[in-house]
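Here is the structure we will look at.
Whatever order the structure lists ligands and atoms in, that order sets their numbers, starting from 1.
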Amino acid sequence: MPVFDGHNDVLLRLMRGKIQPEKAFLEGDNIGHLDWPRMKQGGMFGGFFAVYVPSEEMGVDVDSLMARAEYDVPLPPVLDIAPSQRVTVHMSSLLIRIERASNGEVKICRSASDIRHCLDNGKLAAILHIEGAEGIDPDFHMLDVLYESGLRSIGPVWSRPNIFGHGVPFRYPSTPDTGPGLTELGFELVKACNRLKIMIDLSHLNEKGFWDVAKLTDSPLVATHSNAYEVCPHSRNLTDKQLAAIRESRGMVGVNFATSFIRPDGMRSDDTSLEDMLRHMDHLIEHVGVDGVGFGSDFDGATIPAEIGDARGLPRLVDAMRKHGYDEATLRKLCYENWIDVLERTWGR
Ligand SMILES: [Zn+2]
């Protein structure tokens with residue numbers, strides 16, 4: 001079964017790695033969750049490749065913090081624009097260099113037909129995506145340059161605050177209603193994305209930010225990697241009211257494999273069953289519809305169930321979904337068709 005996926009952090013892993021990034025990705029390095037050989041083994045032909053500017057270490061032991069029954073991970077401070085732009089250019093260029101070194105095997109997709117072409121020809125369909133727009137200046141010069149480089153999707157904030165808005169912290173248990181939403185500049189960014197037909201990713205916005213985008217945007221509402229709050233009451237997950245708005249807009253949710261957003265107890269542990277993931281899928285299908293759910297793995301960005309392990313484990317997940325009772329037509333929608341369709345509705349043909 002072909003799989004298209006809503007979120008990965010492999011570019012961050014490659015930037016920090018010791019092996020030359022194009023080689024590590026194209027030939028495979030068996031580190032983390034994702035490289036092109038392992039993607040092919042798992043049937044994964046494409047997805048969103050996140051450009052994310054990491055913060056300096058704050059001396060907070062996130063692991064022991066999130067091992068508690070309740071937690072609220074402190075967010076890093078606002079980042080300066082110059083270093084953020086350097087990292088944004090660096091990570092974007094990694095994907096461009098991977099495409100260039102791939103002998104036509106990797107394509108940075110700018111349209112839904114680009115993605116279908118990759119699916120039909122055994123190529124990797126990569127979407128250049130920004131998770132947290134710290135590298136975008138208030139006059140949107142960088143936005144223009146990145147758009148021409150293939151950028152087609154932006155999450156205005158990662159959880160950390162920036163000039164565009166306030167994100168949702170990693171808090172359990174907590175609703176996503178954690179603070180103020182978009183700033184005035186954030187509204188301008190949404191309008192600029194609508195003009196360019198760049199997809200807006202709602203996954204790291206808090207609830208106010210979500211509704212700010214929902215009221216303004218003329219595109220389908222998309223959360224690339226989030227789960228159902230009713231199943232796991234984590235601040236990063238979506239309430240039924242949010243899911244109803246996504247459905248109304250003919251939008252989409254990508255099911256996140258991160259165990260802290262899957263497990264009802266919010267714990268970060270790879271000892272998490274696929275049954276727990278299926279509860280989210282059932283809930284999301286019930287509330288968003290069978291055309292509005294897909295995958296948003298968070299590969300290379302999160303602790304995922306050991307049963308999946310890495311990209312090679314996707315067929316095990318698909319098998320579990322089949323045994324759970326999803327028919328073949330439903331599986332195709334969840335595994336890749338819904339993503340291609342919502343991107344076509346967002347980007348145009
Ligand atoms: Zn994320």
Pair R322 + E328: basic N to acidic O under 4.0 Å: yes
Electrostatic pair R68:D63 at N-O distance under 4.0 angstrom: no
Option passing salt bridge (Lys or Arg N to Asp or Glu O under 4.0 Å) with D291 (candidates R247, R332, K333, R250): K333
Heteroatoms of the protein, restricted to N/O/S, which lie under 2.8 Å from the Zn ion (ligand 1): E131 OE2, H204 NE2, H225 NE2
Residues forming a side-chain contact (heavy atoms from CB on, under 4.5 Å) with Q20, sequence neighbours excluded: E22, K23
Residues that D114 engages under salt bridge (charged side-chain N to carboxylate O under 4.0 Å, His left out), provided they are two or more places apart: none
Pairs flagged by ring-ring contact (aromatic ring centres under 6.0 Å, His included) wherever residues 248-272 is involved - sequence neighbours left out: H234-F261, F257-F295, F257-F299
